[in-house]
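We use all heavy atoms of the structure for the numbers below, so side chains are in, but hydrogens, waters and symmetry mates are not. Below, chains carry the letters A, B, ... as their sequence lines are ordered, and counting in each starts from 1.
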Amino acid sequence: MKKVFLMLCLSAIFQVGVSQIKPNETLIFSGSYELGGMMTNLAQVTMRTEPMNTSKKTYLRLSIEVSTFDKWDSFFKIRDLYESYVEPITLKPSLYKRNVLEGGYTKTEKYSFTAAGTSLTSVASRMKRAETKRTLNVPASASDVVSMVYKLRMIDLSKIKNGQSLPFVIIFDEKQLPVWVKLLGKETIPAGNLGKKECYKLSISAKTNKLKGADKNLIWISADSKRIPCLIKFSIPVGVGQVTLLKATGV
Amino acid sequence: MRKVFIVLASIFSLIALVLTFLPMGTIALIPVALAVVFSLLAMTKKREKSQVLPKILFFLSIVIFLAIIAKDVFVKDKIVVDQQFIQDKQESIQDAKMELEGLDSIN
């Protein structure tokens, strides 16, 4: 009975159409990293949505690009591209691609999800080594990291109490990763060209050594119908940083 | 003690100068602040001795401080138009389209 109640609650929270992700939306952020106790601007992060048509279906291409500012390119060049091709209404992923260039390190990953979403084929390569191909069984609700960010925006956070956590499963580095998103409350913060915005403050935690500290990985999502991510703070084993919204267009 | 302060002010001025030319933002304010403090301390010790070097170090630190602030205020962060990255993105989209066509036919 408890499970049925939980399912009903979750389905109400993830109610489709609460906040629709529009195509042709561009969000530009500045990514900073703490060096010597001071936040130093390191890279531009661009989140983009575009329609993608095949001969049979229409997908939504969700992408996150990370490019170091030109002053950093000679020291540590980053050109990361994360893409997720999803069903436009439910954001259920069909294809996820990751192409990482960080300094001299390169990595590519491609996950092709089956229609049921219960398994995926992964093709990965690191540092130009031979590609490895694997098949993984995953929960039907599993997301990739890009579609997870966008799914967060579709949650009706007004129905969640402060301190309440929502469970997710993401596939990252070819592994299933349980993730919890906890609502910490509301705060008003600067949101680039949108001015000051009242935001939901969410804490992200996961069973991984890649995220550090309790309530140290945070995301602020505007508490309006657009649900724009305005600020992200992260704490990872090699330091802390933040991603701040500069400009939002097409929202 | 005066010599120690002069040496420390010189070292921190040099570190600040190097960091000013690196893309580390305002992190150079830390050594420059220390350089200012040690050059001022050097000036207050043994006033009968020549104050030329501590004054030069103090002046240099102030110039570096102003350069750091000017760089932070006037030099805007921008990304270069990376043709290779643009091409990689276009190729990735084309590859994805072919992959999705394949998935559509299987599913």
Contacting moiety of [X], where chain B heavy atoms sit under 4.5 Å:
X	answer
N53(A)	backbone
Y59(A)	side chain
T68(A)	backbone
T40(A)	side chain

Measure the spacing between CZ of R2(B) and OG1 of T44(B) and express it to the nearest 0.5 Å.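 Those atoms lie 10.0 Å apart.
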
Calculate, to the nearest 0.5 Å, the distance between atoms OG1 and CG belonging to T49(A) and N24(A) respectively.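 These two atoms lie 6.0 Å from each other.
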
Proximity breakdown for D82(B) and chain A, heavy-atom pairs closer than 4.5 Å: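 Just its side chain gets close to chain A.
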
Answer with side chain, backbone, both or neither: which region of I93(B) has an atom nearer than 4.5 Å to a non-hydrogen atom of chain A?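 Both backbone and side chain of I93(B) come within 4.5 Å of chain A.
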
Heavy-atom pair count under 4.5 Å with chain B, highest-scoring of S32(A), S55(A), S94(A):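 Going by pairs under 4.5 Å, I would pick S55(A).
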
Greatest number of heavy atom pairs closer than 4.5 Å to chain A - which of [options]:
options	answer
L29(B), I30(B), L22(B), D77(B)	D77(B)
I79(B), D72(B), V75(B)	I79(B)
S92(B), P23(B), A96(B)	P23(B)

Any donor-acceptor pair under 3.5 Å linking the side chain of [X] with the backbone of [Y]?
X	Y	answer
R153(A)	I228(A)	no
S10(B)	I6(B)	yes
Y82(A)	V66(A)	no

Identify whether NZ of Lys or CZ of Arg in K89(B) sits under 6.0 Å from the centre of the six-membered ring of F85(B) and within 45° of that ring's axis.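 Yes, a cation-pi geometry.
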
Give me the ring orientation class for F12(B) and F38(B): parallel if the planes are under 30° apart, tilted from 30 to 60°, perpendicular past 60°.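 Parallel.
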
